[in-house]
Protein chains: 2
Amino acid sequence: MSTPPATEATADVAPCCVLGETIDDGLAHDLAKVFKALGDPTRVKLMSLIAGSSDGEMCVCDLTEPVGLSQPTVSHHMKLLVEAGLVAREQRGRWAYYRPTIDTLAAAAKALNA
Amino acid sequence: MSTPPATEATADVAPCCVLGETIDDGLAHDLAKVFKALGDPTRVKLMSLIAGSSDGEMCVCDLTEPVGLSQPTVSHHMKLLVEAGLVAREQRGRWAYYRPTIDTLAAAAKALNA
DNA sequence: CTCACGTATCGACAGATGTCAATACGTGAG
DNA sequence: CTCACGTATTGACATCTGTCGATACGTGAG
């Protein structure tokens, strides 16, 4: 990426959006990052799988089969979800466990209802 | 696209998503379509502009300047938002007015909390 | 009808994105 | 330490996406 060195990592949606006020460039960028992370059917499925799991968390090894993609690809998608702040990653032993951060999506959606 | 000829036009999010149940391919596709439409800072701004306007609706001519893009580009973005079911288009005279359909986003977000 | 004007479509192009195979990294077991 | 195994990174490639200029389409004014 020609990534602007700024900002980054777990874009946290920001406070609000008063009626009649237009959101600024930075907020628009952060919101878009969250929505873009969910703008792929595979990642939607991943989110659904994790959210719907009995423990509320899953490791990569459990996710590759349901979505039918290679391990590196799933790992890539999970990284995007983490960077968007939609899931949290926790390393336990050799496994990486992911759990949803549902508030992020709710906050992003709320910011647009304005 | 190698687009499946099926489905299409104003993807309407679908009913639900019970806890413990994984969403199917079609629903994942529809949800992704909605989120992808908001996965661009320009479109986030456009949504915000329209939602925040006093009349609750705006025409393309009022949108080009705030986002600083050409008319064809704005028209293109609006088309995507319409196809995602996030805004409704109404032609009145020579102008095309757009108004938000906020329920679409709320329903999509809800489907993921599952 | 003809014209002006707001909007949509087309063609083109640079850059982003999803995917994989190959490989590197980290951690627990022996 | 060494090895096996789960995960992440890299490099490559086809496709998708955002943007523009040029142009076509539709509608109200004259």
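A, B, ... follow the sequence lines: proteins, then strands. Residue 1 opens every chain. Keep in mind that what you see is a predicted model, and the values were worked out from it rather than measured.
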Trainee: For A/Leu69 and C/dA21, give me the distance from atom CG to atom C1', rounded to whole Å.
Mentor: 14 Å
Trainee: Roughly how far, to the nearest 0.5 Å, is the CD atom of A/Glu90 from the CZ atom of A/Arg99?
Mentor: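 Spacing of CZ (A/Arg99) from CD (A/Glu90) equals 7.0 Å.
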Trainee: What is the distance, rounded to the nearest whole Å, between atom NZ of B/Lys45 and atom P of D/dG18?
Mentor: 15 Å
Trainee: Let's see if you can work this out: which of D/dT17, D/dA8, C/dA8 has an atom nearest to the side-chain heavy atoms of B/Tyr98?
Mentor: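 Nearest nucleotide to the side chain: C/dA8.
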Trainee: Between B/Leu46 (CG) and D/dG18 (C1'), how many Å, whole number?
Mentor: 13 Å
Trainee: According to the Watson-Crick and G-U wobble definitions, with both distances under 3.5 Å, which nucleotide is paired to D/dT15?
Mentor: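 Base-paired to C/dA16.
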Trainee: For B/Cys59 and for A/Arg43, locate the closest nucleotide of DNA chain C by heavy-atom distance; then report the residue assigned to the nucleotide nearer the 5' terminus.
Mentor: B/Cys59
Trainee: Would you mind pulling out the nucleotide paired to D/dC20, Watson-Crick or G-U wobble, both distances under 3.5 Å?
Mentor: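 By the stated definition (distances under 3.5 Å), C/dG11 pairs with D/dC20.
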Trainee: For the pair B/Asp24 (side chain) and B/Gly26 (backbone), establish whether a donor and an acceptor sit closer than 3.5 Å, ignoring hydrogens and angles.
Mentor: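 Judged by distance alone, yes, a pair lies under 3.5 Å.
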Trainee: To the nearest Å, give me how far apart CD (A/Gln91) and P (C/dC25) are.
Mentor: 15 Å
Trainee: Among A/Leu46, A/Asp62, A/Leu81, A/Val82, exactly one meets side chain to side chain contact (heavy atoms under 4.5 Å, CB included) together with A/Tyr98. Which residue is that?
Mentor: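 Only match with A/Tyr98 under side chain to side chain contact (heavy atoms under 4.5 Å, CB included): A/Val82.
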Trainee: Which whole-number value in Å describes the distance from B/His76 NE2 to C/dA12 P?
Mentor: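 It is 17 Å, rounded to the nearest whole Å.
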Trainee: Quick one: on DNA chain D, does A/Asp62 or B/His77 contact a more 5' nucleotide (nearest heavy atom)?
Mentor: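 Upstream on the strand: A/Asp62.
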Trainee: Tell me which nucleotide among C/dA8, C/dT7, D/dA8 gets nearest to the side chain of B/Ser75.
Mentor: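 Output: C/dA8.
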Trainee: By the 4.0 Å heavy-atom rule, please label B/Arg92 as base, sugar-phosphate, or nothing.
Mentor: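 Result for B/Arg92 = nothing.
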Trainee: Of the options D/dT7, C/dT7, D/dG18, whose atoms approach the side-chain atoms of B/Asp40 most closely?
Mentor: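 The answer is D/dG18.
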Trainee: Let's see if you can work this out: which of D/dC20, C/dT7, D/dT9 has an atom nearest to the side-chain heavy atoms of B/Ser70?
Mentor: D/dC20
Trainee: With a cut-off of less than 4.0 Å, is there a side-chain N or O of A/Lys36 near OP1 or OP2 of C/dA16?
Mentor: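 The answer is no; no side-chain N or O of A/Lys36 sits under 4.0 Å from OP1 or OP2.
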Trainee: In the strands shown, is C/dT2 matched to any nucleotide by a Watson-Crick or G-U wobble pair with both distances under 3.5 Å, and which?
Mentor: D/dA29
Trainee: Figure out the CD/P separation between A/Gln71 and D/dT9, and round it to whole Å.
Mentor: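 These atoms are roughly 11 Å apart.
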Trainee: Are any of the side-chain nitrogens in A/Asp25 or B/Lys45 under 4.0 Å away from the carboxylate oxygens of its partner?
Mentor: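 So A/Asp25 pairs with B/Lys45 through a salt bridge.
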Trainee: Specify the separation, in whole Å, of atom CD of A/Glu90 and atom P of C/dT27.
Mentor: 14 Å
Trainee: Could you please name the option among D/dA29, C/dG18, C/dA8 that lies closest to any side-chain atom of B/Arg94?
Mentor: D/dA29
Trainee: Ignoring hydrogens and angles, tell me if any N or O in the side chain of B/Asp40 forms a donor-acceptor pair with the backbone of B/Thr42 under 3.5 Å.
Mentor: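 Yes; judged by distance alone, with no hydrogens or angles, the pair exists.
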Trainee: Among C/dC20, D/dA8, C/dT7, find the nucleotide with the atom closest to the side chain of B/Ala96.
Mentor: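 Closest of the options to the side chain of B/Ala96: C/dT7.
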Trainee: Look at the side chain of B/Pro72 and decide which nucleotide, out of D/dT7, C/dT9, C/dG6, has an atom nearest to it.
Mentor: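 Among D/dT7, C/dT9, C/dG6, the one nearest the side chain of B/Pro72 is C/dT9.
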Trainee: Which part of the nucleic acid, if any, lies within reach of A/Tyr97 when heavy atoms closer than 4.0 Å are counted: base, sugar-phosphate only, or nothing?
Mentor: nothing
Trainee: A/Lys79 NZ to D/dT10 P: how many Å, rounded?
Mentor: 7 Å
Trainee: If you define the side chain from C-beta out and look only at heavy atoms, does anything of A/Phe35 sit under 4.5 Å from A/Leu112?
Mentor: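 In short, these two side chains touch, coming nearer than 4.5 Å.
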Trainee: Go nucleotide by nucleotide along DNA chain C from the 5' end; which of A/Gly93 and B/Thr73 gets its closest nucleotide reached first?
Mentor: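 Nearest-nucleotide comparison on DNA chain C picks B/Thr73.
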